[in-house]
Amino acid sequence: MKFFVQVMPREVLLDSEGRAVQELLQEKKFPVTSVRVGKWIEVQVDQDNEATAKKMVEDLAQKIFSNPLIETFKVFGDKT
Amino acid sequence: MKFFVQVMPREVLLDSEGRAVQELLQEKKFPVTSVRVGKWIEVQVDQDNEATAKKMVEDLAQKIFSNPLIETFKVFGDKT
Amino acid sequence: MSRKTQVGVIRFPGTNCDQDVFSWVQREGLNAKWIWHRDSFSDQEFDLVILPGGFSYGDYLRSGALAAQSKAVESLISHVKKGRHVLGICNGFQILCEAKLLPGALVTNQSLRFQDDWVDVRVENTGPVCAKVEKSQKYKLPIAHKMGRFFAPADDLKKIQDSDQVWLRYEKNPNGSLDNIAGIWNAEKTVCALMPHPERASLEWMGSQDGKAFL
Amino acid sequence: MIFSEKLKKYRMNQSEYDLAKKLVGRDLKEIEWPLFSALWSEHCSYKTSKNHLRKFSYRNSRTPNIDGENAGLVDLGNQERIVFKMESHNHPSFIEPFQGAATGVGGILRDIFTMGARPIALANYLCFGEPGADRMRDLIDGVVKGISSYGNCVGVPTVTGQTEFHPEYNKNILVNAMAVGLLTGDEKLALSRGQTAGSLVVYVGAKTGKDGVHGASMASESFGEDSEAKKPNVQIGDPFYEKLLIEACLEVIHQDLVLAIQDMGAAGLTSSSFEMASKSQMGLELRLDQVPIRDSSLTPEEILLSESQERMLLMCEPAKFDQIQKLFHRWGLEASILGKVIPEKLVKIYWHNELLTEIDPDLLVENAPRYDRAFEIPTRRLKIEKQNLNESQIKEKFLSFFAQPRFWNRSPIYRQYDQRVGTRTMKDATQSVAFLKLPSQRELAIAVGCRPEIFKQDVLLGSYDAVFYPALQMAIKGAKVLALTDCLNFGNPEKKDIMGEFALSVASIAEAAKVLDAPVISGNVSFYNETDQKGIPPTPAIGAVGLREAKTEIPSDQFQKENLKVYSLQIPFVTVESNSINIENLRKYLWQILLLGEKINFASSKMVGKGGTLWTLLQMSQDGVGITLQTQNIGQLCQEDFYRVIVAISPEQEKQFQELLKDGLFKNSFELLGTTKNNSFQITQNLKWNLQELRMKHKTSAQEVFGEFL
Ligand SMILES: Nc1ncnc2c1ncn2[C@@H]1O[C@H](COP(=O)(O)OP(=O)(O)O)[C@@H](O)[C@H]1O
Ligand SMILES: [Mg+2]
């Protein structure tokens, strides 16, 4: 069973990479007003029960994949 | 107009970050069979024509957000 | 009879300042012992545990995030509960934040680059760890990191400031650290960490000996 | 596939195929094509260079002959031995700068720790094109980040290097990395031979993927129309894994668990297994289906040719395998048995019990073709014209330097490298020579050399200079050069003039090395640095290692104190007066400098380099203490002399210094330039600058590429 975890920096201040890309694009005159860069994590789980699996991925996302001080996360199932 | 770009390490190449995370989770006995780590980029575009905007984001995704030698990307619109 | 201070040095996969720190501890006349990341240790064993710098787990996901999940860090939490001391250096600082033994987080330098520099840090508040370090004094130490920019949400930062948890400040901010912070304490003043490397400034020929005061 | 297409795919020519066929005694089987292709490639076989490289055979008592091993060895005495080598990763870095440079560092490190030596330092030699050239900014930034990310993470300090910018590298950049390793006490030196029949063949490290398949033969061709098609070969490095591999390999070697070990570099498993078999004149059984793979679609051919990173092949007694495996597990790594060593000199390759081929390893290794390519020795000679500039010309020239990439500040490069991990670094990349503290408290010097702008005009002089310049840089710091490594970067050797440049460089470097008693103990050749028929200038980069035993402080490149007397000493190597080259004579001067340094404490010292004396003085003033010149001889201040040394000494030692000079080789060629002074950069009454402003101007000079990272 496959899950996806999206992790985004909480504040603009924390998104150095996003800001750097944004500045670069604006300097090059692209009509881009904002760029934010986060992570996309694909997790393949060996577990039949979808609810249990999702619970585990959410747990991992909260404890390991993201740091709540600086990031937010969302977990998606394969269908969503 | 907002777009999302998902950037993932190319399948055939090594995803060193994914490997490290996967091995740690497996050592900790999580029922996880594979982890892959990529990027998720949100781009806000100042452009009314959706097709033009999307074309531009696809271009950026190819040239700036990803390195086609080692990564693949997908562009999503706000609705998808 | 005073016994020699027992110092444990944790090695994670990817730690690369382990030997440097170990030798430094021995040179300063203390007893050094390795702690392997997969092992637990007793909360009676060490007076001080040091988490050295490096790239534990390759700095993947976020620096320190994966190491914070280790057995050794589980034991470290009990060690801290017993009031025993901990010093984190560079990646050790990052791990302590990820393990929630210290407030805040370390994010990518403003330059988005790895930086190898000499910096001067000023001591703001002292405590029982690294007790030889003197308040208001300046120390010349090298930094070498890509994720050394201290960050904490506004409330947390205020708490850190108000409860004298700021340990060291950069004289000249090299990486965009909030409030020029180079090192902090936990609220109990038993755990401290800094981004610069005192062990790399502990002999005459290294370019500075100011790091000696940190043991 | 028709035969001619096959030749093309495997990058062999008809006569090579005919030779292979003759050796094997029949047409090649499918699986043998990739084997011959890889092992007979220029990159693996040195088929063009081997006959010339014999000139580097000179050895002395410190340098035991262990030719054919992964790196050369120098015995420093006091139970300290070092191994070092330099290697190119030019082609991969041009295709993908970050991964190309990173895996270059990873590869050279494996050459070092495979011998049981702990890597203690990295250096690099980089040649870029004009920053404005197509892709160049990204190439520069990517290469530096790649080196930085890999070296820093594995925990080996990058302590020195050299960076050149020249339009002739616009389409062929050079990325050469050097690594130095240390063996202390009775730590075992590991070799790639020594296995006995019945030993197990063990694969350790990362799993095999499709990355880098055909990499070796690709690096043996020029870039041209179809380089787009070569893209999918990118290798991905993982420094974290390499760090684990270093620790695990050093442990198994030092616990005497392995008989032989070799990294999987170019042409991966093929080259390591065949070379190990050939060197020990024994055979192997190799079960390709036992190779740990990342991707189940891998074919036997791909497994043989994959250049996936961070993998090693070792041989051990069967009884020791369990211990090895346990140790690797401790570091989170796998060890898998691929087969065993057999007495018959045959490599037998199996795929799920099917014998794909059995072949004598010597046919692929020892019997690779050798080419005595035609060459024409270049005769061009540097014409040195004596400058005689007046004040305003000096000013104009000096100020023009700041804008030229050649004069850019390199600190945005080396500040991205961890220069101090390992706590051995005494002198970092702010100095022209890096120094590391050895356990015996002696000091190890490392410098790289090769100035392509000289090679363009004079290959002979350039080659001597590539050796002597770093040797002199060491001498003025009190260190004696001990041994050299090289990375010979050239264009297409099938062209007579290029081959001539190569032949002359090798011969002259070998000659200079012998004169200095500093053997060339290891090296690497990179040909085909050519795009659309246009090649690079000859660029044989040299890595030099030296030793300093003095108890005194190492002279700094920069002035540290006011009121020091600053002298210049001219070595008549190629002088304006006589356009002659005499390297025997040069050695005498080098010794004289070493002797002077034993009697007089040079507070600061630096060799005059690009931009002549004036620019060198500016570099020496970078810490804020500058100079007020007294000399009236300013006409040649911007002349790039071969060679001029600048030293600063205390006024108390001035008299003794002068006497020593008058009694020696420098009696007619020394001069007092001036006195050090805070914040001053004064040439004459009319020609002076605010040093602070000049320093700032220099500091920010590379902004165009590195932004505001100062
Ligand atoms: N690629 C590199 N890697 C590490 N250090 C470098 C590199 N390129 C240049 N350096 C360092 O920068 C310093 C200054 O270089 P350069 O401007 O060429 O002056 P110098 O004439 O002293 O060699 C050198 O001492 C060298 O150690
Ligand atoms: Mg130099």
Side-chain angles (χ1 to χ4, degrees), chain C residues 11-24 27 36-39 52-61 63 66-67 70 89-91 109-118 141-147 172 174-175 196-208 211, chain D residues 118-120 141 144-145 147-159 237-248 329-333 411-430 435-437 439 441 443 553-554 556 706-710:
Chain C
R11 296 178 98 180
F12 299 99
T15 302
N16 64 27
C17 304
D18 40 352
Q19 192 59 56
D20 302 357
V21 166
F22 200 84
S23 311
W24 173 50
R27 270 201 310 275
W36 185 242
H37 67 104
R38 284 207 194 102
D39 297 338
F55 287 71
S56 58
Y57 292 94
D59 262 2
Y60 292 130
L61 278 189
S63 41
L66 300 181
S70 62
I89 302 170
C90 199
N91 188 227
N109 295 348
Q110 198 150 32
S111 65
L112 294 178
R113 294 175 194 277
F114 188 96
Q115 279 174 247
D116 175 297
D117 284 310
W118 285 94
L141 302 172
I143 55 166
H145 59 243
K146 189 172 175 190
M147 278 165 238
K172 194 170 155 270
N175 54 18
H197 287 271
E199 80 280 10
R200 298 184 185 183
S202 61
L203 285 167
E204 197 186 348
W205 50 263
M206 292 180 177
S208 161
Chain D
R118 174 167 292 278
I120 58 167
D141 202 34
V144 172
K145 281 199 177 125
I147 294 170
S148 145
S149 90
Y150 207 99
N152 299 351
C153 182
V154 290
V156 182
T158 302
V159 293
D238 183 354
F240 166 58
Y241 229 71
E242 177 109 332
K243 169 69 175 161
L244 304 177
L245 199 56
I246 294 180
E247 300 304 333
H329 280 167
R330 189 176 134 83
W331 286 101
L333 301 171
S411 84
I413 297 176
Y414 59 70
R415 280 182 53 228
Q416 297 188 54
Y417 305 148
D418 188 337
Q419 300 180 61
R420 268 160 276 274
V421 60
T423 47
R424 292 185 184 85
T425 308
M426 307 180 69
K427 295 287 175 186
D428 61 14
T430 60
F435 282 91
L436 302 184
K437 195 72 155 180
Q441 298 302 307
E443 292 149 4
E553 211 171 296
I554 301 169
S556 165
F706 296 103
E708 289 183 15
F709 181 68
L710 301 178

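Bear in mind that the values here come from a model prediction, so they are computed numbers and not experimental data. These numbers come from the heavy atoms of this one structure, side chains and all, not from hydrogens, waters or symmetry mates. Throughout, protein chains are lettered first and strands after them, A, B, ... in sequence-line order, and every chain is numbered starting at 1.
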For this session: Please examine the side chains of D:Asp418 and C:His145, heavy atoms only from C-beta on, and report whether any two atoms are closer than 4.5 Å.
Result: no
Exercise. Heavy-atom distance under 4.5 Å to chain C: side chain of D:Lys427, backbone, both or neither?
Worked result: neither
For this session: Give me the ring orientation class for C:Trp36 and D:Trp331: parallel if the planes are under 30° apart, tilted from 30 to 60°, perpendicular past 60°.
Result: perpendicular
For this session: Mind checking the CZ-CG spacing from D:Arg424 to C:Asp20? Nearest 0.5 Å is all I need.
Result: 7.5 Å
For this session: Please flag which part of C:Pro13 lies under 4.5 Å from any non-hydrogen atom of chain D: side chain, backbone, both or neither.
Result: both
Exercise. Among C:Glu199, C:Met206, C:Arg38, which residue forms the greatest number of heavy-atom pairs with chain D at distances under 4.5 Å?
Worked result: C:Arg38
For this session: Identify which part of C:Tyr57 has an atom lying under 4.5 Å from any heavy atom of chain D, answering side chain, backbone, both or neither.
Result: both
Exercise. Nearest 0.5 Å, what's the CD-NZ distance between C:Glu204 and D:Lys437?
Worked result: 9.0 Å
Seminar exercise, completed: One should read off an interatomic distance between D:Gln416 CD and C:Lys146 NZ, to the nearest 0.5 angstrom, of 9.0 Å
For this session: Tell me, for C:Ser23 versus chain D, whether the close heavy atoms (under 4.5 Å) come from the side chain, the backbone, both or neither.
Result: neither
For this session: Of all the heavy-atom pairs spanning D:Arg420 and C:Asp116, show the shortest one and how long it is.
Result: NH2-OD1, 2.5 Å
Exercise. Side chains of D:Glu443 and C:Trp205: closer than 4.5 Å at any heavy-atom pair?
Worked result: no
Exercise. Under a 4.5 Å heavy-atom cutoff, which of D:Ile554, D:Asp238, D:Val154, D:Asn152 has the most pairs with chain C?
Worked result: D:Asn152
Problem set entry | Value rounded to 0.5 Å, distance of CZ in C:Arg113 from OG in D:Ser149 | 13.0 Å
Exercise. Contact part of D:Thr425 toward chain C, heavy-atom cut-off under 4.5 Å: side chain, backbone, both or neither?
Worked result: backbone
Exercise. Backbone N or O of D:Cys153 within a donor-acceptor pair of the C:Asn16 side chain at under 3.5 Å?
Worked result: yes
